[in-house]
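We name chains A, B, ... by the order of the sequence lines, and we start the count at 1 in each one.
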Protein chains: 2
Amino acid sequence: MAVSNIRYGAGVTKEVGMDLQNMGAKKVCLMTDKNLSQLPPVQTVMDSLVKSGISFQVYDSVRVEPTDGSFMDAIEFAKKGAFDAYVAVGGGSTMDTCKAANLYASSPHSEFLDYVNAPIGKGKPVTVPLKPLIAVPTTSGTGSETTGVAIFDYEHMKVKTGIASRAIKPTLGLVDPLHTLHMPCQVVANSGFDVLCHALESYTAIPYNMRSPCPSNPIQRPAYQGSNPISDIWAVHALRIVAKYLKRAVKNPDDLEARSSMHLASAFAGIGFGNAGVHLCHGMSYPISGLVKTYKAKEYNVDHPLVPHGLSVVLTSPAVFTFTAQMFPERHLETAEILGADIRTARTQDAGPVLADTLRQFLFDLKVDDGLGALGYSKDDIPSLVKGTLPQERVTKLAPRAQSEEDLSALFEASMKLY
Amino acid sequence: MAVSNIRYGAGVTKEVGMDLQNMGAKKVCLMTDKNLSQLPPVQTVMDSLVKSGISFQVYDSVRVEPTDGSFMDAIEFAKKGAFDAYVAVGGGSTMDTCKAANLYASSPHSEFLDYVNAPIGKGKPVTVPLKPLIAVPTTSGTGSETTGVAIFDYEHMKVKTGIASRAIKPTLGLVDPLHTLHMPCQVVANSGFDVLCHALESYTAIPYNMRSPCPSNPIQRPAYQGSNPISDIWAVHALRIVAKYLKRAVKNPDDLEARSSMHLASAFAGIGFGNAGVHLCHGMSYPISGLVKTYKAKEYNVDHPLVPHGLSVVLTSPAVFTFTAQMFPERHLETAEILGADIRTARTQDAGPVLADTLRQFLFDLKVDDGLGALGYSKDDIPSLVKGTLPQERVTKLAPRAQSEEDLSALFEASMKLY
Ligand SMILES: NC(=O)c1ccc[n+]([C@@H]2O[C@H](COP(=O)([O-])OP(=O)(O)OC[C@H]3O[C@@H](n4cnc5c(N)ncnc54)[C@H](O)[C@@H]3O)[C@@H](O)[C@H]2O)c1
Ligand SMILES: NC(=O)c1ccc[n+]([C@@H]2O[C@H](COP(=O)([O-])OP(=O)(O)OC[C@H]3O[C@@H](n4cnc5c(N)ncnc54)[C@H](O)[C@@H]3O)[C@@H](O)[C@H]2O)c1
Ligand SMILES: [Fe+2]
Ligand SMILES: [Fe+2]
C-alpha cells in the first residue's frame with residue numbers, strides 16, 4: 001500500500017502558492033474546466049499564486065468526462081508551456097487531464113497509446129521523471145487526488161479506458177471542504193455514488209492473497225492489489241460516511257458538515273481503491289458512459305451528451321452485488337448493514353438480495369434515474385455494452401467471482417430497470 | 001498527512017533482494033542487532049540478497065535502545081561503506097539506527113546535533129537526498145517502518161531525544177508476520193504497550209486545528225500535526241486490534257493470527273502517530289528510560305541496564321489519561337470501551353478514572369511491573385524525571401492539557417505504584 005500525500009482543512013487551498021514556491025516552481029500550469037474557471041475555487045488558487053509571485057498560465061478547456069482528443073489538447077498546451085509544476089482545480093475530469101498532460105509533456109517522444117492500459121494501449125511502465133502536480137478536488141467523488149489513475153473515453157472504440165501508474169499520482173492533494181459548497185446537487189449525488197462504489201467494490205474485491213498470477217518480481221505488481229487489511233479500513237470508513245452524510249449533502253447545499261465529510265470520504269475511498277482496485281460496477285460503467293447517445297445529465301452545464309461517471313457506476317450496483325455476494329456473503333451483508341439494512345435475520349444466502357435492496361432504496365430516495373433504460377439503453381444495446389466491458393480486464397478480474405459473457409449480459413439486462 | 005509505503009504479507013521479506021535490484025542498489029548495508037543476527041529474519045534477508053546477486057555488508061552492532069554513541073558507531077560504518085541502499089532488520093532500535101546512519105552518511109559535513117530535535121539539538125531541516133532504506137520490522141511496537149523518527153538516548157544528559165524528519169522515513173516497509181514468531185513474550189508485551197500508547201496518545205492529542213502556533217508557511221509544519229480525521233482512523237483501528245489480540249499474542253508464541261494482527265497494528269498505529277504525534281506518556285518515558293539505574297528487562301538478552309521503551313511509556317498511562325481526560329472526555333471514554341470497559345453508566349467526569357482503571361487491569365493481567373517503583377525509582381528521583389521531561393516539548397505540547405512542573409511531578413508520583 002502506497003503513499004498519498006494529502007492536506008485537509010477549510011482554507012488549505014490558500015497555501016498553494018507557498019507550496020509551489022517550496023517546490024521551487026517558477027512557471028506553473030493551472031488546469032480547470034470552463035465552469036470552474038468562473039467559480040471561487042479557481043479564484044482562490046489564482047489569488048494565492050499571485051500573492052506568492054508565481055507566474056502561471058491557465059488552461060480551462062478540460063472536457064467534463066475527458067476523451068483522448070481532449071487529453072491530447074491539454075498535452076499540447078503542456079508541451080508548449082514547458083511548465084515546471086501543475087495545479088489541477090476541479091473534479092476527476094480536471095485532475096485526470098492534468099495527470100496526462102504532465103506525463104506526456106515529461107515524455108515528449110512517447111506515443112499516446114504507450115502508457116494507456118493494455119489491451120487497448122501498450123501499458124508501458126513510466127520511467128521518466130514527472131513535474132510536481134498539486135491536485136485540488138472540487139467534487140467529492142473520484143479521489144483522483146490520491147490515485148495514480150487517469151480515465152478518458154477512447155473515442156474510436158467508444159469505450160472508457162485509462163492510464164494507471166504510481167508515477168502520475170499527485171505530489172500533494174489539497175482537500176479543502178469549502179470548495180464543495182459550490183457544487184450543484186446533481187454533481188454531489190453522482191460523485192457521491194462514485195465514492196459509494198469505490199468503497200463497495202474495493203471492499204468486495206478479490207483478496208490480495210488470492211489474486212493471480214502472483215508476479216515473480218515485486219516491480220510487476222499491478223497498481224490494484226485486491227482487497228487487503230489496509231484498504232479495508234479506508235473502504236469501511238468511507239462507506240460509513242456515505243451512509244451518514246450523502247443524502248444530507250445532496251439535499252442541502254449549506255450543510256457544511258455533510259459536504260465536508262463527503263469530501264474527506266472521497267479521499268479515503270480513493271486511498272482504499274487506489275491500492276485495492278475496483279471491479280464490476282466500474283468495468284461495466286466504461287461502455288455505459290462511452291456509448292452514450294443523447295442523455296444529458298442535469299446541472300452539468302456541458303454541450304455534449306454525457307452520463308456522469310458516478311451515475312454510470314451505481315446503476316449496475318444492485319445487479320453486480322447480487323452476483324458477487326455468492327463469494328464473500330459476510331462482507332456483502334456487512335456493507336448492507338452499514339448502509340442501514342437490518343440484517344439480524346438475514347441468512348448468508350440472502351446477502352446479495354439484501355445489499356441490492358438496500359442500494360435500490362438508497363437510489364430511489366435520491367430520485368436517481370430508473371436504470372440503464374432511463375439513460376436511453378435497451379436490450380439491443382447489450383451486446384455492445386458487453387463488448388465494451390471485455391477489454392476492462394484490469395478491473396473486472398478483481399471481481400470476487402469470474403464472469404462469462406452471458407453473465408455480463410445478464411447483469412446489464414438486470415440493470416435496465418431498478419424500481 | 002502522508003501515508004507510508006508498506007507491503008504486508010507472510011513471506012514478503014523474501015522479495016527484498018528484488019526490491020533492492022529494482023532500486024538499482026549495488027552495495028547494500030544490512031543492519032541488525034546481535035540477537036537477531038542469529039535468527040531467521042536476518043537469514044531470510046541474506047538469502048534473498050544472495051539470490052539476487054547483491055553485494056552487501058552486515059553491521060550487527062546495533063544497541064538495543066540506542067544511544068548517541070551507538071548511533072555514531074553505525075554512522076561511521078555507513079560512511080566508510082559508501083553504500084547505495086540500506087536494509088534494517090529488527091525492532092525500533094535497529095530501524096532507528098539505520099535511519100540515522102543513512103542520514104549522516106548522506107550529509108557527511110553535518111555535526112551530529114545538527115539534525116537532533118531542538119532544544120537539545122539544532123533541529124535543522126534535512127535538505128540532502130538520502131539513499132533508499134528498506135525497513136523490516138521484527139517486533140510489533142514502534143511502527144518505525146512507517147515514521148520519520150529515530151530515537152536515541154543522549155548520554156550526556158541521560159535523556160532520550162531523537163531526530164524527526166519526513167526525509168528519514170523508510171522508502172519501503174516489509175511487514176512480514178512470520179518474523180513475529182521468534183519474538184520473546186516480554187518483547188511482544190512491551191512492544192505491544194508501545195502500540196497501545198501510540199494509539200491512545202495520538203487519538204487524544206490536541207486536534208490539528210487547535211494546535212498553535214499555526215505556521216505561516218506549510219513547509220514549517222511540524223512532523224506531528226495533532227489528532228486529525230485520518231490519524232484517528234488508524235489509532236482507533238490499532239486500538240481495537242490491541243484490545244482483541246495483545247494478550248493472546250503475549251501468552252501464546254504460536255498464535256500466528258494474534259501475532260500477525262499485532263504486527264499490522266504496529267504499522268497502523270505508526271501511520272497514525274507519525275502524522276498526529278504522541279504526547280505525555282512518551283514525553284515522560286524519555287527520562288524514565290534515560291535515567292535507568294540497574295533495572296534489566298527480562299528476555300532482552302543485553303548486557304546493560306535497560307527499561308524497554310514500551311514499558312517506559314505504559315507505566316505512566318493510568319496517571320496521564322486521568323489528567324488529560326478533562327479535556328476530551330468522550331474520546332477517553334471511547335477508548336476505555338474499546339479496551340473492554342463497560343461505559344454505559346459512566347459519566348463524562350469519570351472518563352479519566354474509567355480509562356485508568358481499564359489500563360491498570362490490562363497491565364495487571366499481563367503481570368507488568370508494579371509502577372516506576374518496581375523499576376528502582378523513588379520519590380527522590382522525581383525532580384530529575386521532571387527535568388528530563390521539560391525539554392520534550394515537541395511531544396508534551398501535543399497533550400490536550402498544558403502541564404506545569406507540579407503537574408508533571410504529580411504524574412510521576414502517581415505512577416510509582418499502580419495496583
Ligand atoms: N482518477 C481516478 O482515480 C478516477 C476515479 C473515478 C472517476 N474518475 C473520472 O473522473 C471523471 C468524473 O469526475 P467528477 O465526478 O469529479 O466530476 P467532473 O470533474 O467531471 O465534474 C462534473 C461537473 O461538475 C462541475 N463542478 C465540479 N466541481 C464543482 C464545484 N465545486 N462547484 C461547481 N461545479 C463544479 C464541473 O464543472 C463539471 O461540470 C470521470 O471522467 C471519471 O471517469 C477518475
Ligand atoms: N522511530 C519511531 O517511530 C519509534 C517509535 C517508538 C519507539 N522507538 C524506539 O524503538 C526502540 C525500541 O524498539 P522495539 O521495541 O521495537 O525493540 P528493540 O529493537 O529494542 O528490540 C528489543 C529486543 O527484542 C529482540 N528482538 C526483536 N525482534 C525479535 C524477534 N523477531 N525475535 C527475537 N528477538 C527479537 C532484540 O534483539 C532486542 O533484544 C526504542 O529505542 C524506542 O525509543 C522508535
Ligand atoms: Fe470511480
Ligand atoms: Fe513509542
Side-chain angles (χ1 to χ4, degrees), chain A residues 1-12 14-23 52 125 134 146 166 169 171-175 177 207-209 214-221 225-226 228-234 236-238 240-241 260-261 263-265 267-268 271-272 274-275, chain B residues 1-12 14-23 48 52 125 134 146 166 169 171-175 177 207-209 214-221 225-226 228-234 236-238 240-241 260-261 263-265 267-268 271-272 275:
Chain A
M1 113 120 217
V3 189
S4 311
N5 207 5
I6 63 172
R7 193 182 309 140
Y8 170 76
V12 289
K14 289 193 194 124
E15 295 173 342
V16 66
M18 280 189 281
D19 282 314
L20 286 161
Q21 235 173 16
N22 296 337
M23 291 168 179
S52 295
I134 299 184
T146 70
R166 293 183 183 92
K169 188 179 280 203
T171 320
L172 174 65
L174 295 176
V175 181
Y208 74 105
N209 49 7
C214 181
S216 59
N217 182 318
I219 209 174
Q220 289 145 5
R221 284 173 183 248
Q225 303 284 320
N228 61 70
I230 301 192
S231 64
D232 286 350
I233 298 181
W234 296 108
V236 168
H237 204 77
R240 290 220 169 90
I241 300 178
S260 300
S261 301
H263 209 40
L264 204 48
F268 289 175
I271 301 176
N275 281 281
Chain B
M1 110 116 213
V3 178
S4 315
N5 205 7
I6 63 172
R7 193 181 310 141
Y8 169 76
V12 288
K14 289 190 195 127
E15 296 173 341
V16 67
M18 280 189 280
D19 282 314
L20 286 162
Q21 235 171 17
N22 297 337
M23 291 169 179
S48 173
S52 296
I134 298 183
T146 71
R166 294 184 182 90
K169 187 180 281 201
T171 321
L172 175 65
L174 295 176
V175 181
Y208 74 106
N209 48 8
C214 180
S216 58
N217 182 318
I219 209 174
Q220 289 145 4
R221 284 173 183 248
Q225 303 285 320
N228 60 71
I230 302 191
S231 63
D232 286 350
I233 298 181
W234 296 107
V236 167
H237 203 78
R240 290 222 169 89
I241 300 178
S260 300
S261 301
H263 209 41
L264 205 47
F268 289 174
I271 300 176
N275 281 281

Under 4.5 Å to a heavy atom of chain B? For A:Asn209 that would be neither
Inset, instruction - Just say parallel, tilted or perpendicular for the rings of B:Tyr208 and A:Tyr8, cut-offs at 30° and 60°. - result: tilted
Shortest non-hydrogen pair, A:Asn217 vs B:Met18, comes out as CA-SD, 3.5 Å
Between the CZ atom in B:Arg166 and the CG atom in A:Asn5, the distance rounded to the nearest 0.5 Å is 7.5 Å
Rounded to the nearest 0.5 Å, the CD1 atom of A:Ile233 sits from the CD1 atom of B:Ile271 at a distance of 8.5 Å
The reported gap from CD1 in A:Ile230 to CZ in B:Phe268 (rounded to nearest 0.5 angstrom) is 4.5 Å
